[in-house]
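Computed from a prediction, not measured in an experiment: that's the story for all the values here.
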Amino acid sequence: MTGGRDQLPLLLGVIPFGLIFGALALQAGLPPVAAQAFSFLIFAGSAQFIAVGMLSSAPAGLIVATIFVVNLRHALYSASLSPHLTPLPPRWKVPLAWLLTDEAFAVAALRYRQPDTRLAHWYTLGTGLTLWAAWQASTALGIVLGARLPDSWGLEVALPLTFIALLILSISDQPGVAAAVSAAAAAVVLHGLPYRLGLVTAAVLGVVVGVGLQTWQSRRERKEAMP
């Protein structure tokens, strides 16, 4: 319950996000059942948006490769939570991995920084289930409303605002700042590339810069610690 309660403020950005996805999925040609099944089974907002955006203009292989690169950040999430989740049995690891999204990680990571983490997996489950339920409901609402939503609402702004809010919460050191700034600059400069390749390149550049700086700092700290 506590995990779900702490996730409620982020739902203000997630619900419009799901609503827009439901509407866009129909515009991309997906049947209503397929659009809802996409959210039900995949449950990965950025991947879902990329897929429907490229559905009519890119080959399947490029769509899969783009989604893979964009979701590489989940490897960083897994590495961050691994020390806490590794001792859990598979019946916990599987659902928690499936429910791990940007918003769930942002809230769960703060919980795992507390001294007592014995029941943090229940907290993480609560955040994930709350997000999943909100995502299903908002997707269904978007499917029902579809093209009835007026353009003047500007709901598409919820997508970048949600990610910016999550980004600010997750940046806590110099490698994170360097990764965010380099990726943002590259995304703006390379915006005109076809098939959203500018976004892919920016994501890869951000990961390389962040990991490279983190590695350099770790080596320097080990050298300074040596007698």
Qualifying side chain to side chain donor-acceptor pair (under 3.5 Å) pairs, either residue in residues 29-45, two or more places apart | Gln36-Gln136, Ser39-Gln48, Ser39-Trp135, Ser39-Thr139
For Ala178 and Leu213, work out which heavy atoms get closest and say how close.
-> CB-CD2, 3.8 Å
Taking all atoms of both residues into account, what is the closest heavy-atom pair of Leu41 and Trp98, and its distance?
-> O-NE1, 3.1 Å
Under the ring-ring contact (aromatic ring centres under 6.0 Å, His included) rule, collect the residues that match up with Trp216, sequence neighbours excluded.
-> none
Is the closest side-chain heavy-atom distance between Leu96 and Leu88 below 4.5 Å?
-> yes
Do you reckon Phe105 sits in the same ILVMFWY cluster as Ile42, going by side-chain contacts under 4.5 Å, direct or chained?
-> yes
Between Leu205 and Ser182, the two heavy atoms sitting closest are CD2-O, 3.9 Å
Is it possible for you to say whether Val204 and Val211 belong to one hydrophobic cluster, with membership spreading through side-chain heavy-atom contacts below 4.5 Å?
-> no
Any residue meeting ring-ring contact (aromatic ring centres under 6.0 Å, His included) with Phe38, in chain and number order, not counting sequence neighbours = Phe21
Will you find, in the side chains of Ser78 and Ser82, an N or O donor that is under 3.5 Å from an N or O acceptor?
-> no
Spatial distance of atom CG (Leu99) from atom CH2 (Trp132) [nearest 0.5 Å] = 8.5 Å
Path from Trp92 to Leu85 over hydrophobic side-chain contacts below 4.5 Å | yes
Taking everything shown except Gln174 itself, do over 12 heavy atoms lie less than 6.0 Å from its CD?
-> no
Would you indicate whether the side-chain heavy atoms of Ile143 and Leu26 approach each other to under 4.5 Å?
-> yes
Minimal non-hydrogen separation, Ala179 against Gly206, with atom names | CB-O, 3.2 Å
Would a hydrophobic clustering, with Ile, Leu, Val, Met, Phe, Trp and Tyr connected at side-chain separations under 4.5 Å, put Ile15 with Leu129?
-> yes
Residues in ring-ring contact (aromatic ring centres under 6.0 Å, His included) contact with His84, at least two apart in sequence or another chain = Tyr112
Flag the pair Phe43 / Leu131 as yes when at least one side-chain heavy-atom distance between them is below 4.5 Å, and no otherwise.
-> yes
Can you find a pair of side-chain heavy atoms, one from Gln214 and one from Asp173, that are under 4.5 Å apart?
-> yes
Please round to the nearest 0.5 Å and tell me the distance separating atom NE2 of His121 and atom NZ of Lys93.
-> 12.5 Å
Joining Ile, Leu, Val, Met, Phe, Trp and Tyr whenever any side-chain heavy atoms lie under 4.5 Å apart, the cluster holding Val94 also takes in none
Identify, with sequence neighbours excluded, every residue that meets side chain to side chain donor-acceptor pair (under 3.5 Å) alongside Arg220.
-> none
Can Val207 be reached from Tyr77 by stepping across I, L, V, M, F, W or Y side chains whose heavy atoms are under 4.5 Å apart?
-> no
Might you point out which heavy atoms bring Ala187 and Ala202 nearest each other, and give the distance in Å?
-> N-CB, 3.5 Å
Residue pair Ala104 / Leu100: nearest heavy atoms and the distance that separates them | CB-CA, 4.5 Å
